[in-house]
There are 2 protein chains.
Amino acid sequence: MLSKKTKYAINAMLFLAKRKEHGPVLISSIAEEQNIPQKFLEAILLDLKNAGYLNSKKGRGGGYYLIKDPEEVNLAEIMRLFDGPIALLPCVTYRYYERCEECKDEETCGIRDVFLQVRNETVEKLKASNLAQIIDRESELGEN
Amino acid sequence: MLSKKTKYAINAMLFLAKRKEHGPVLISSIAEEQNIPQKFLEAILLDLKNAGYLNSKKGRGGGYYLIKDPEEVNLAEIMRLFDGPIALLPCVTYRYYERCEECKDEETCGIRDVFLQVRNETVEKLKASNLAQIIDRESELGEN
DNA sequence: ACTTACTCTATCGGATTAGTAGAGTATTCT
DNA sequence: AGAATACTCTACTAATCCGATAGAGTAAGT
C-alpha cells in the first residue's frame, strides 16, 4: 500500500500542476484544500523541492510552485522518492538491488521471474501516468 | 516489499510441496534447510495450517505436511494471508475495499484506474504462479 | 523594522516487523 | 502407565517505521 506521504505528495503535485501559471501557492492553501496536516506537508514539499520538482519563494507572496513540466513527472518517481523501490523483492530492483538473504540460489529461484515481470509491468504503467495525463483523465471523468 | 514472513511461508510451502509423498516433516528440518528461525517458523506454519493449507501430526514421527494440491496454492493467496491486500490503494481492492480518506471524489479520481490496472495485472500473474509451476520452473532453471 | 512564509531540529505515540522464551498439550512408542 | 517427541499457545521484546506536532530559526519582501 502507498504511504500517506506518497498520496499527499501526489495530491500536492497535482494541485500545483493545475496552478502552474498562477505563481507560488502557500503551504497553508495546499494543506487546506487537499486536507493534509500542514506541518506534515511542509516536510513533504521540502523533499519534493530537494528532489528538483518544486521551488519555493519566501516572504510575502511566496509559496511553492512546480518547476518541471507536468508531462515529465510520473507516479513511479514520486512513489520511489517516498516509499522506495516499487518491486516486491529486493533482487528484482534495478537501482536498489540486494540479494534476498534467505534465497539459496538466485539463478534457480522459482519465484524471481514472476516478481520481475510484475515489477516491470507495474513500473511501465506508473511511468505512463504523469501529472498532465492524470489531470486530463480527471476532467474527462468529471464530464460524465 | 514482501515481508520475511511471506517469503518464509513461500519457501516452507515449496519445501513441503516437494516432500508431499514423504509424510510429515519436522519443523526443525524445515527451519534448518530453509534458514528460518525455528520459533518464528512455528507461528507461520500454524497460520498456514489454520488457513487450510497444511496439517500437522503430533508426537514421534510427526511434523507438518501439505494437504492441498500444489497446483491449487498460488502466490497471491499466500501473500494476502501474511501481508494483506496486494493493491496499492485501499479503494482498488475487492475484498478489503475502503475509501482513501484524503480522496475528494472517487468518481473523478485521476489515479484510481492506473492503480486498478496495476492491481489486476499483478494479481493475475501471481495467481498463475502456483507451487507446482514454481517447482517446475526451478528444475528447468537448474538444468542450464 | 516588521511581517510573512519557508526551513530545520527535535520529539512523540502508536503500529508493525522480526524474533525469543517458556510453559502447555497432544500423540505415540516402549 | 510413563517417557519422549513434537506441535501449540501466551507473553514479551527490540528495532524500525509511520504519521504527526512543536517550536525556534532564517530568508525575503514592504
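Here is how names work: the chains are called A, B, and so on, in the same order as the sequence lines, proteins then strands, and each is numbered from 1. What you are looking at is a predicted structure, and each value in this text was computed from that prediction instead of being measured.
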Legend entry - B:I30/B:R19 under side-chain contact (heavy atoms from CB on, under 4.5 Å): CA gap, chis, key distance, verdict: CA-CA 11 Å; B:I30 308 173; B:R19 272 155 198 73; over 6 Å; no
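Between A:D83 atom CG and C:dT16 atom C1' the separation is 15 Å, expressed in whole Å. Protein atom OH of B:Y64 is 10 Å distant from nucleotide atom C1' of D:dA6, rounded to whole Å. Atom CD in A:Q38 sits about 16 Å away from atom C1' in D:dG19, given to the nearest Å. Look at CG on A:N35: it is 15 Å from C1' on D:dA20, rounded to the nearest Å. For the pair B:E32 CD and D:dA6 P, the interatomic distance rounds to 13 Å; values are reported in whole Å. As a whole-Å value, the separation of A:F40 CZ from C:dC12 P is 18 Å. D:dA6 atom P lies 15 Å from atom OH of B:Y65, rounded to whole Å. Put simply, CD1 on B:I27 is 16 Å from P on C:dA26, counting in whole angstrom units.
Of the residues in residues 43-56 of chain A, A:L46, A:K49, A:S56 come within less than 4.0 Å of DNA chain C through at least one heavy atom, sorted by number.
By the criterion of side-chain heavy atoms lying less than 4.5 angstrom apart, applied directly or through intervening Ile, Leu, Val, Met, Phe, Trp or Tyr residues, A:L126 is not grouped with A:L116; the two fall into different hydrophobic clusters.
Within a 6.0 Å radius of CZ in B:R99, more than 12 heavy atoms belonging to other residues, nucleotides or ligands are found. Around the CD atom of B:E32, the shell of radius 6.0 Å holds no more than 12 heavy atoms that belong to other residues, nucleotides or ligands.
Residues passing the ring pair (Phe, Tyr, Trp, His ring centres under 6.0 Å) test with B:Y53, sequence neighbours excluded: none.
Nearest to the side chain of A:P37, among D:dT21, D:dT8, C:dC6, sits D:dT21.
The distance from the CG atom of B:N74 to the NZ atom of B:K68 is 9.0 Å, given to the nearest 0.5 Å.
A salt bridge links B:E138 to B:K18: one of the charged nitrogens lies within less than 4.0 Å of a carboxylate oxygen. With salt bridges taken as basic N to acidic carboxylate O contacts below 4.0 Å, none links B:E124 and B:K127.
For C:dA18, the OP1/OP2 oxygens have no side-chain nitrogen or oxygen of B:Y8 closer than 4.0 Å.
In this structure, B:R80 fails the cation-pi test against B:Y96, since its NZ or CZ atom is not both closer than 6.0 Å to the six-membered ring centre and inside 45 degrees of the ring normal.
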Inset, instruction - Scan nucleotides 23-30 of chain D nucleotide by nucleotide, 5' to 3', and note B when protein non-hydrogen atoms come under 4.0 Å of the base, S if they reach only the sugar-phosphate, - if neither. - result: B--BSBSS
